[in-house]
Amino acid sequence: MKIVTVIGNRPQFVKAAAVSRLLREAHDEVIVHTGQHHDDELSAIFFEELQVPRPEHQLHIAGGTNTEQTARMLAAIGPLLADEEPDVVLVYGDTNSTVAGGLAAAQAQIPVVHVEAGMRSFDRRMPEELNRVLTDHLSDLLLVPSETALRNLEREAVAGEVVLVGDVMVDVSMMFQPRAKAETRPLRDAGVEPGAFVLCTAHRAGNVDDPDRLRRLVDIILAVDEPLVLPLHPRTGARLDAAGWLDELAEAEHVRLAPPLGYMAFTALLTNARRVLTDSGGVQKEAYFAGVPCVTLRDTTEWVETIETGWNVLVDLDREAALTALQTAPPAERPQLYGDGHAGERVVAAIDALRRA
Ligand code: UDP
């Protein structure tokens, strides 16, 4: 079968690492990189480190509002699909690239496969939530990471076929975390000791675009009472700079500012951190998998099982709640969530089954 895979941002490159190479063993895959994340540190390094095959098409579409960006992607992907004539279009997660790839394919009556389907934060203010819901309802094959996702889709009565495959990010964590944990260089570069620092990431529009919320985020970071490594997403860096707060963070003795890191350096820090403080979706799961308690700077999450098991706490941007959660001991039990590290194989098997259907 010929499969066009549409990806465009950092977490999607990580997810494709679990699938693309396997897919190419039996199928003809064409990767379209929309350009949503285009800097080397958010894009090229992931293709190299995680051995994701080089994209066949680069669309260079970045910037603008979500609506404009999605519209430009749709306009570019439509003709590309007419040229490539794939049997299937494969999309991941919840970004503008996901919904644009899915909608362009559905309009062309090409079956859509959505990996990481069924996730819901039930917060329609998040652009990601709109992208998830829309993509799920135009997909033919919905590959879900968890039982919760399965139930969400049952409730919404989606039209496509739903298959529980597990989480492809867990596959990548299983492949790379043990090796990354042994790497000492990223910790030395950040000036931190194993088990004696907090790893912090923040980039959600809801936390960094509004200056009042951004200030609350800065105040939480400044109040943390131990070394804190902060690899800055470009969006967050730009907002902090515009507000004049970047220097304040740079001057705080316990804050170690860093550029966005490659997957191996980031995973070395994640697996050795005492706690993770984040608003990222992917990082919440990776922390759980690494056995590092997570404090999430949001009031909802789509990864509800990490909360139910007690390994993740939602604190939004409440400073006292964040500081308390950073000191709370994790539970003794950490059940396996989101699969066994073979989700990528199940994704390929489900796509194979489409051919036979
Ligand atoms: N990540 C990384 N370097 C960083 C920050 C994150 O490699 O400096 C990885 C992280 O391990 C995870 C993915 O990027 O696999 C998460 O991406 P992000 O937080 O941008 O997106 P989200 O998961 O929130 O959609």
Side-chain angles (χ1 to χ4, degrees), residues 7-19 36-50 52 62 66 91-99 115-116 119 121 123 126-132 135 145 167-177 179-181 183 186-187 189-190 198-208 228-237 256-273 276-290 292 294 296-298 300-303 306 312 338 343:
I7 50 180
N9 82 348
R10 176 167 70 183
Q12 290 171 333
F13 310 141
V14 176
K15 290 163 197 171
V19 177
Q36 206 179 331
H37 280 168
H38 50 93
D39 319 82
D40 284 353
E41 54 200 1
L42 289 183
S43 174
I45 188 165
F46 290 85
F47 285 86
E48 278 157 37
E49 287 189 341
L50 303 178
V52 181
N66 286 319
V91 295
Y92 294 88
D94 55 20
T95 72
N96 295 338
S97 305
T98 315
V99 74
V115 172
E116 211 179 73
M119 303 313 301
S121 67
D123 178 359
M126 290 177 74
E128 294 89 348
E129 182 76 355
L130 297 177
N131 292 337
R132 289 179 196 120
T135 307
D167 186 348
V168 290
M169 260 182 152
V170 169
D171 296 15
V172 184
S173 293
M174 271 199 185
M175 268 186 268
F176 291 96
Q177 280 190 0
R179 180 148 57 92
K181 189 168 186 181
E183 282 197 14
L187 278 77
D189 288 350
V198 173
L199 176 63
C200 179
T201 77
H203 68 87
R204 289 257 101 77
N207 280 347
V208 304
L228 177 146
V229 185
L230 180 62
L232 271 185
H233 191 283
R235 169 189 213 124
T236 314
R256 316 289 151 84
L257 284 181
L261 300 170
Y263 188 79
M264 291 310 280
F266 184 79
T267 305
L269 289 164
L270 177 113
T271 49
N272 284 294
V276 162
L277 181 63
T278 192
D279 65 9
S280 160
V283 174
Q284 291 175 58
K285 271 184 294 183
E286 289 171 341
Y288 182 85
F289 189 72
V292 178
C294 184
T296 295
L297 300 162
R298 286 166 47 180
T300 58
T301 181
E302 46 298 354
W303 303 103
T306 62
N312 188 8
Y338 312 126

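Indexing begins at 1, ligand by ligand and atom by atom, following the structure's order.
At least one donor-acceptor pair closer than 3.5 Å links the side chain of N272 to the backbone N or O of K181. Checking side-chain atoms of Q36 against main-chain N and O of N9 turns up no donor-acceptor pair under 3.5 Å. D167 places a side-chain N or O within 3.5 Å of a backbone atom of M169 that can act as its donor or acceptor partner. The backbone N or O of D94 sits nowhere less than 3.5 Å from a side-chain atom of E128 that would complete a donor-acceptor pair. Side-chain atoms of T236 do not come within 3.5 Å of backbone N or O of L232 as any donor-acceptor pair. Under the 3.5 Å distance criterion, the side-chain polar atoms of D171 are left unmatched by any main-chain donor or acceptor of A18. Panel note: side chain T98, backbone T95; a donor-acceptor pair is recorded below 3.5 Å. At least one donor-acceptor pair closer than 3.5 Å links the side chain of D279 to the backbone N or O of H203. The backbone N or O of M264 sits less than 3.5 Å from a side-chain atom of E49, completing a donor-acceptor pair. Listed for the E48 side chain is no donor-acceptor partner under 3.5 Å among the backbone atoms of I45.
For atom 18 (P) of ligand 1, the nearest protein heavy atom (residue, atom name, distance) is H203 NE2, 3.6 Å. The single protein non-hydrogen atom nearest to atom 20 (O) of ligand 1 is R10 NH2, 2.9 Å, given as residue, atom name and distance. Among protein heavy atoms, atom 25 (O) of ligand 1 sits closest to P11 CG, 3.5 Å. Among protein heavy atoms, atom 8 (O) of ligand 1 sits closest to L261 N, 2.9 Å. The nearest heavy-atom contact from the protein to atom 11 (O) of ligand 1 is E286 OE1, 2.6 Å. When only non-hydrogen protein atoms are considered, atom 19 (O) of ligand 1 lies nearest to S280 OG, 2.7 Å.
The shortest heavy-atom distance from G262 to ligand 1 is under 4.0 Å. At least one heavy atom of V14 sits less than 4.0 Å from an atom of ligand 1.
Contact check for Q284 versus T278: side-chain heavy atoms found under the 4.5 Å cut-off.
Of all atoms in ligand 1, numbered sequentially from 1 with element shown, those under 4.0 Å from a heavy atom of Y263 are 7 (O), 11 (O), 15 (O). Listed by number with element, the atoms of ligand 1 under 4.0 Å from a non-hydrogen atom of R204 are 24 (O), 25 (O). For ligand 1, the atoms closer than 4.0 angstrom to any heavy atom of G282 are 22 (P), 23 (O). Residue contact check: F46 has heavy atoms under 4.0 Å from atoms 2 (C), 7 (O) of ligand 1. Below 4.0 Å from some heavy atom of M169 lie the following atoms of ligand 1, by number and element: 12 (C), 15 (O).
Contacts between F266 and ligand 1, counted as non-hydrogen atom pairs separated by less than 4.0 Å, involve the side chain only. In E128, neither the side chain nor the backbone holds a heavy atom less than 4.0 Å from any atom of ligand 1. Contacts between P231 and ligand 1, counted as non-hydrogen atom pairs separated by less than 4.0 Å, involve the side chain only.
Of the polar atoms of G281, at least one N or O is found under 3.5 Å from an N or O of ligand 1, judged by distance alone. Looking at D94 next to ligand 1, no N or O pair under 3.5 Å apart turns up. At a 3.5 angstrom cut-off on N or O pairs, D279 does not count as close to ligand 1.
In this structure, a donor-acceptor pair under 3.5 Å is present between the side chains of N66 and N96.
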